[in-house]
Amino acid sequence: MIVDESSRGDLAIIEEEQEEKRDEIKTITENNILHYEYIPLSHQRTNKNEKRKVRFVVLSDTHLCQDVFLQPLSNNNRKSLDSIDSIKNEDIFLPKGDYLIHTGDFTNWGLPNEIHQFNKFLGKIKHLFKAIIVIPGNHEFVADLASTLLTNCTYFLKNDFIQLEDGKITIFGSRFKSFWSNFSFTGHDSEAQQDWSTLVKPIESGKYGKVDILLTHQPPDFKSEISKRFFRRGSSSLREAVLKVKPTVHVFGHNHDIFGVKYASDFCNDLNTTFISACTVDSRENVRKAVVFDYDIEE
């Protein structure tokens with residue numbers, strides 16, 4: 001079960017915004033027989049080049065439904081497994097790539113047994129990737145516990161930079177800083193994180209030349225400039241940080257009914273970011289395909 005105290009409010013927002021066109025969610029399927037959704041980055045829509053492509057496979061908000069990627073998928077059987085112990089490597093249908101990204105909410109309550117279950121899944125699929133990169137979501141409210149228990153995760157980022165491919169790809173991954181209120185741990189979206197200095201200052205100081213890929217659990221608040229629906233429950237402070245560091249790709253989750261891509265260049269003159277909402281599980285607990293994108297680097 002997905003535990004989210006704001007789901008009813010979100011459904012009301014969806015009903016109020018039905019006038020927005022459904023083609024706003026522009027996820028692109030590369031091939032109907034493939035078990036992933038391929039998203040070209042903004043510059044790749046018009047420019048063809050011979051640069052080396054680094055493939056990223058993205059999951060988010062799996063909420064303990066991750067084992068579906070360990071079995072052959074079909075339209076009628078996408079949700080559950082009786083036992084992960086019965087799965088063999090040849091049954092894995094998660095697409096192979098260079099790196100796997102998970103942008104948080106891999107548990108429901110952040111409990112050790114839930115973290116262990118996700119870690120076991122990572123152990124089954126880690127041979128498909130050079131490295132696995134994970135950030136905590138609002139349901140991993142004790143992020144340090146997850147960081148300790150995820151032994152099959154290569155990088156568990158909590159407001160940290162990493163560099164891949166000999167420094168040619170710079171990634172920043174943030175934690176979701178929950179705002180505790182009553183018995184809720186998921187927090188107020190507007191107050192989830194206010195201080196983005198760990199992201200902005202290293203870029204402004206020149207320590208890192210740019211942010212190639214930004215990973216957050218929550219979306220930024222670009223509701224007025226780009227899309228009210230796509231960026232609902234977004235953070236205004238994150239929006240300001242994005243405008244400063246101008247990432248090439250920004251991947252997030254959190255909104256279970258939003259899945260797909262928005263190109264900032266279609267709406268903003270000074271921003272060329274590809275925004276990807278990658279929630280794997282929707283609000284009805286249906287499991288979507290993994291998201292795949294290729295990042296171009298110089299040889």
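Just so it is clear, the values below take in all heavy atoms, side chains as well, and ignore hydrogens, waters and symmetry mates.
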Under 3.5 Å, side chain of [X] to main-chain N/O of [Y], donor-acceptor pair present?
X	Y	result
S205	K201	yes
S283	H256	no
N119	T151	yes
H250	F275	no
T154	I132	yes
D105	N138	yes
E140	G104	no
H217	T103	yes
D212	T170	yes
T107	E114	no

Task: Plane angle bin for F121 and F69 - parallel if under 30°, tilted between 30 and 60°, otherwise perpendicular - done: tilted
Open item on the list: Parallel, tilted or perpendicular, judged at 30° and 60°: which one describes the rings of Y99 and F56?
Closed with: parallel
For [X] and [Y], which heavy atoms make the closest approach, and how far apart are they?
X	Y	result
P220	V242	CB-CG2, 4.4 Å
G173	I135	CA-CG2, 3.8 Å
L94	A290	CD1-CB, 4.1 Å
T216	Q218	OG1-O, 2.6 Å
S60	G253	OG-CA, 3.5 Å
V245	V200	CG1-CA, 4.0 Å

Task: Shared hydrophobic cluster for I162 and V54 (ILVMFWY, side-chain gaps under 4.5 Å) - done: yes
Open item on the list: Starting from L128, can I reach L100 by hopping between I/L/V/M/F/W/Y residues whose side chains sit under 4.5 Å apart?
Closed with: yes
Taking the side chain as every heavy atom from C-beta outward, state whether [X] and [Y] have any atom pair closer than 4.5 Å.
X	Y	value
Y263	I39	yes
T280	H102	no
T274	T248	no
V57	Y36	no
R55	Y38	yes
T148	I115	no
I101	V291	no
L164	I133	yes

Could you tell me the separation between the [atom1] atom of [X] and the [atom2] atom of [Y], rounded to the nearest 0.5 Å?
X	Y	atom1	atom2	result
K246	T273	NZ	OG1	8.0 Å
R52	I297	CZ	CD1	3.5 Å
L111	L64	CG	CG	9.0 Å
L150	H116	CG	NE2	9.5 Å
N152	I125	CG	CD1	8.5 Å
S147	L157	OG	CG	9.5 Å

TODO: Please find out if less than 6.0 Å separates the ring center of F172 from that of F161.
DONE: yes
Open item on the list: Between F267 and F222 (judged by ring centroids, cut-off 6.0 Å), do the two rings come close enough to count as a pair?
Closed with: no
Open item on the list: For K158, is there an ion pair with D144 - N to carboxylate O distance below 4.0 angstrom?
Closed with: yes
TODO: Let me see the working for Q163 and Y208 under side chain to side chain contact (heavy atoms under 4.5 Å, CB included), right down to the final yes or no.
DONE: CA-CA 10 Å; Q163 290 188 307; Y208 298 100; 3.7 Å; yes
- [ ] Check the surroundings of atom NZ in K130: do more than 12 heavy atoms from other residues, nucleotides or ligands lie under 6.0 Å from it?
- [x] yes
TODO: Step through the shown structure and confirm whether more than 12 heavy atoms of other residues, nucleotides or ligands are within 6.0 Å of CG on N113.
DONE: yes
TODO: Applying side chain to side chain contact (heavy atoms under 4.5 Å, CB included), run through L199 and V211 and close with a yes or a no.
DONE: CA-CA 9 Å; L199 165 63; V211 179; 3.9 Å; yes
Task: Y295: ring-ring contact (aromatic ring centres under 6.0 Å, His included) partners, not counting sequence neighbours - done: none
- [ ] Show your working on side chain to side chain contact (heavy atoms under 4.5 Å, CB included) between L122 and Q66 and close with a plain yes or no.
- [x] CA-CA 9 Å; L122 295 182; Q66 67 274 347; over 6 Å; no
Open item on the list: Before you tell me yes or no, could you show the steps for S235 and D221 under side chain to side chain contact (heavy atoms under 4.5 Å, CB included), namely the whole-Å CA-CA distance, both residues' side-chain angles and the distance that decides it to 0.1 Å?
Closed with: CA-CA 5 Å; S235 163; D221 184 359; 5.7 Å; no
